[in-house]
Amino acid sequence: MSVPGHNPPFEVGVESARYELRQSGEGLCLAIGGDWTAFGLGNLPTEIMRSLTEGSRPKALDVQSLGHVDSAGALALVEALGSTAPLEASDRQDLRRLADLVGAPSEARQVTEPAASAINTFFARIGRQVERFIGQIWAVMDFQGRLVVALGRHLRNPKRLRLTPLFSVMEQAGINAIPIVMMMCFFIGAIVALVGANLLSTFGVSAFTVELVGVAILREFGAVIAAILFAGRSASAFAAEIGAMRMNQEVDAMKVMGVDEFDALVVPRVLAALLMVPILTFCGDIGGILGGLLVSWATMDISPVFFLERTVDTVSLTHFWIGLVKAPFFALVIAAAGCGKGLAVSGDTESLGKGVTSAVVQSIFLIIMFDAIFAVIFMELDL
Amino acid sequence: MTSDAPDRGSAAPPIRVTGLRTEFGDTLIHDDLNLDVKAGEILGLVGGSGSGKSVLLNTILGLKTPDAGKVELFGHDIQEGGERDEVERRIGVLFQNGALFSALTVQENVEAPFLEHSDLPMELVGKLAALKIKLAGLPEDAGAKKPAELSGGMRKRAGIARAIALDPALLFLDEPTSGLDPIAANEFDELIRTLRDALGLTVFLITHDLDTLHAICDRVAVLAERKVIAVAPVEDLERSEHPWVRDFFQGPRGRAAQRTYN
């Protein structure tokens, strides 16, 4: 593997380790060759141990054709021989040094916990899950309580509000999300129109496509799509930002400076979400109607003017308000899940990943759940 | 009769840096920097803040591409792919904060290099990792802990245990004693020297710790004015006329360390 014209490489490849058991005068002799290193050994140690029956430990070591050796090789040798004596008696200086380093086989042992009985582990698992579940409920209530207190503080003294982070989050999470929300709703509107036109034309009432698109987008999809996109874009960002700050001890630094982390981190994000999700919903409504309009025009020759007129005439404004009223609730859920999971991050990277994931999953789950609850409420109210 | 492992051409120095230039935008960090590290020595690298010590370390490790010049480890040009893997498993690195994988236990952290580079049976890997953890001076129960549960000094020891997992020929240490109390720092110096003697390591360490320089470094390289201006034993550097070197070794702290070790 040496490249011509190169300096001699440090290690020209690796020669696989090999061994041979020989019967000699004083008993069994282990003859080894090749490189007894972490790279050359492979699965050899298991093979040796298998070929050695108890009581037939080799007493002598032949290192005539031994190449390199490192602590992995030395440990494997000591394990096979049962003692360091043959290594110490060897004429190889590095082997003697390694024998010293590795020590007798009984020493460095991996710490293993004693195996618990199956029934014990079963109940321990259930116990831990219950404890974790209660802990989570506790954490959520704790977070909500603090959030309400922090919001109350801001109501009493609006000067507390930090405007810079508020506007920054509004821009990043809100304004920058408008194109993607409009585009998603545009496609959803187009899909609803396509499916609806297909179905309704079999009854000869394809003009009702307009109403279908209007009601579906304004009442449901505008708000839900905007909220889900906001959750995907921003609940994750909130959790990651705050979580990274926790890992970096920035949150601790804030507390020590007398800055309340809810004032500085959570309230601006929650308020920004409360302000921006309704706006995103509105933009989504426009995008959805446009999508339906375009498809109706292309597939059913419903002119844009007729489409808009019919929308205004037949789709009651209530649907628009129902969609918009849900938006702040979604916003609250998303921002609280993101910030809460971020603050719950502990020292390691794994908990950051888990926090971000569960922020998104939790907020999307809660969005759909709240939407269902609202659907029932509005139905009972005959709206 | 005493013999040793067969010589397969390890004559090239462990580290050779020639004509290195590094620049960030308009700022020149290193210009025509040369450095040779001899096999088996502990070389300390000192330099003021912002003199490019960490950049030099990253360049030697191949994490950063030099703008000009060449870095050779054991005679391999590290920029020329090919034998990189071969070189990589001959080096161990302790980053400043340990850089342990926080999702794994200490034991698993030390096992990681074996799983990546060798086909050893799992049982032996476990024992080897436990051996390295013991060598690094950690108590036996430390293996089962996560890095977040360890103190700063223990985390560094765990980092060393991982760095020496594959019996590297060359060990890099970035500020090994920073953030340690004097007793822990002394113990750590001792550990580095013990490991060097036991494993036949070459050690390249960045440090500001004058005690470390006096206690364990065979030679000290001084990084100033964008190049290595001197490589010599500490005693020789103490007599240097260069203003930065004089301030470094003859300041109040330098004198204190000097009194302790002379």
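What you are looking at is a predicted structure, and each value in this text was computed from that prediction instead of being measured. We name chains A, B, ... by the order of the sequence lines, and we start the count at 1 in each one.
Remark: Thr37(A) OG1 to Leu120(B) CG distance equals 8.5 Å, nearest 0.5 Å. Taking CD1 from Ile164(B) and CG from Asp70(A), the interatomic distance works out to 11.5 Å, rounded to the nearest 0.5 Å. In this structure, the separation between CG on Leu75(A) and CG on Leu124(B) is 5.0 Å, given to the nearest 0.5 Å. Atoms CD and CD, on Glu123(B) and Glu79(A) in that order, are 7.0 Å from each other to the nearest 0.5 Å.
Your options are Ser118(B), Pro121(B), Pro113(B), and the one with the most heavy-atom pairs under 4.5 Å with chain A is Pro121(B).
Other residues, nucleotides and ligands contribute more than 12 heavy atoms inside 6.0 Å of the CD atom of Glu250(A). The environment of Lys354(A) atom NZ is sparse: at most 12 non-hydrogen atoms of other residues, nucleotides or ligands sit within 6.0 angstrom.
Interface residue Asp167(B): only side-chain heavy atoms are found under 4.5 Å from chain A. Contact of Leu128(B) with chain A is made through backbone and side chain together, with heavy-atom distances under 4.5 Å.
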